[in-house]
Protein chains: 2
Amino acid sequence: MIKHESTVPSCECEELHAELIEKNRATMPDESTIYDLADFFKIFGDSTRMSILFAIDGAPMCVCDIAALLGMTKSAVSHQLKILRQSDLITYKKVGKNVFYTLSDDHVRDIIEKALEHIKE
Amino acid sequence: MIKHESTVPSCECEELHAELIEKNRATMPDESTIYDLADFFKIFGDSTRMSILFAIDGAPMCVCDIAALLGMTKSAVSHQLKILRQSDLITYKKVGKNVFYTLSDDHVRDIIEKALEHIKE
DNA sequence: CAAACGGTTGAACAACCATTCAACTATTAT
DNA sequence: ATAATAGTTGAATGGTTGTTCAACCGTTTG
């Protein structure tokens with residue numbers, strides 16, 4: 001087919017709907033808030049991390065137990081635990097050679113619960 | 001007395017805390033549910049998609065407007081809109097040359113709201 | 001002390017994913 | 001009909017990220 005070549009790559013919507021754009025921009029959160037929000041959700045966006053959260057939801061578990069439960073290596077689990085720790089979603093307590101991990105917040109349960117409701121439809 | 005065999009690189013936690021593992025495993029959701037949940041959160045785990053959701057939260061917008069508001073190309077926005085569409089988070093309506101996108105669900109607002117509360121602490 | 005175990009960490013690799021680019025469709029205006 | 005605009009799409013690319021591997025630290029046991 002024949003290519004059209006004289007096209008100018010510009011959009012005139014900005015002039016057409018300038019008011020709408022400004023109105024909607026005004027109701028949006030700060031850019032940094034949006035980034036924080038996306039980063040927060042990113043933590044939950046991995047099935048391994050999600051599994052870990054559910055695993056320790058019932059009772060605190062050590063790394064070795066979590067690895068056995070999920071059928072993964074201790075290393076892989078530990079890497080993900082670090083991410084969950086840095087996000088303040090879990091806390092840990094050393095007992096002898098073991099490190100027991102616990103959910104740090106009921107807030108987390110709420111969000112996951114809401115999402116579960118949305119999924120089941 | 002039987003002497004210890006040569007060292008085997010295995011973890012003995014499974015034997016030590018077998019009961020705990022089985023108890024916690026019992027309270028976990030299906031594997032497929034966890035995957036669905038992670039996939040759901042993955043959608044929100046990108047600042048561009050999050051920005052789009054906030055942008056059209058106030059009022060429906062066309063692709064060109066969204067692109068102008070976010071300072072992105074129409075192509076990049078369109079790609080993300082496709083993902084949001086496939087997840088049933090947004091709906092669209094064609095009006096002449098334009099395509100207006102809208103949030104499809106109040107459920108989505110709830111989840112984002114909960115997460116915002118968690119962030120602001 | 002030395003060996004063994006639970007756990008952590010950094011580097012390397014592979015898989016995934018968001019943006020860009022170019023070409024395409026569809027609708028409207030000249 | 002032709003050109004311009006709004007939007008979509010597939011391939012390519014560069015960045016991100018989860019897992020593996022090996023080495024390491026801290027605690028406990030012989």
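Every chain is numbered from 1, with letters handed out A, B, ... down the list of sequences. Because the structure is predicted, anything quoted here is derived from the model rather than measured. Side-chain atoms are counted along with the backbone in the values below, which use heavy atoms only and exclude waters and symmetry mates.
When rounded to the nearest whole Å, the span between CG of B:N98 and P of D:dA4 equals 19 Å. Taking atom CG of A:D46 as the reference point, atom P of D:dT17 lies 11 Å away to the nearest angstrom. Rounded to whole Å, atom C1' of D:dA6 lies 14 Å from atom CD1 of A:I21. Residue B:D39 contributes atom CG, which lies 13 Å from atom P of D:dG18 at whole-angstrom precision. Atom NZ of B:K42 and atom C1' of D:dT16 are 13 Å apart (whole Å). The NE2 atom of A:H79 sits 11 Å away from the C1' atom of D:dA22 (whole-angstrom rounding). Distance A:K74 NZ to C:dC5 C1': 7 Å, rounded to the nearest Å. C:dA18 atom P lies 15 Å from atom CG of B:L70, rounded to whole Å.
Under a 3.5 Å cut-off, the side chain of A:R49 and the backbone N or O of A:I43 do form a donor-acceptor pair. The main-chain N or O of B:A55 is found under 3.5 Å from a side-chain atom of A:N24 such that the two form a donor-acceptor pair. Remark: the backbone N or O of A:S47 is paired with a side-chain donor or acceptor of A:S51 at under 3.5 angstrom. Side-chain atoms of A:D65 never come within 3.5 Å of backbone atoms of B:I21 as a donor-acceptor pair (strictly under, hydrogens ignored). Looking only at distances, no side-chain donor or acceptor of B:S78 sits under 3.5 Å from a matching main-chain atom of B:K74. The main-chain N or O of A:T91 is never found under 3.5 Å from a side-chain atom of A:S104 such that the two would form a donor-acceptor pair.
A:F41 and B:F41 have parallel rings, their planes meeting at less than 30° on a 0 to 90° scale where 60° marks the start of perpendicular.
Counting atom types as modelled, A:S75 pairs no side-chain N or O with a base atom of C:dT8 as donor and acceptor under 3.5 Å. No N or O donor and acceptor, one from the side chain of B:T73 and one from the base of C:dC21, sit under 3.5 Å apart.
Contact check, A:Q80 against D:dT19: a side-chain N or O comes under 4.0 Å of OP1 or OP2. Considering only side-chain N and O atoms, B:T48 lies under 4.0 angstrom from the phosphate OP1 or OP2 of C:dT19.
Among the atoms of the strands shown, only primed sugar atoms or phosphate atoms (P, OP1, OP2) are found under 4.0 Å from some heavy atom of A:Y101.
Taking for each of A:R49 and B:V63 the nucleotide of DNA chain D with the nearest heavy atom, the 5'-most of the two is the partner of B:V63.
Remark: A:G96, A:K97 in residues 88-97 of chain A come within less than 4.0 Å of DNA chain D through at least one heavy atom.
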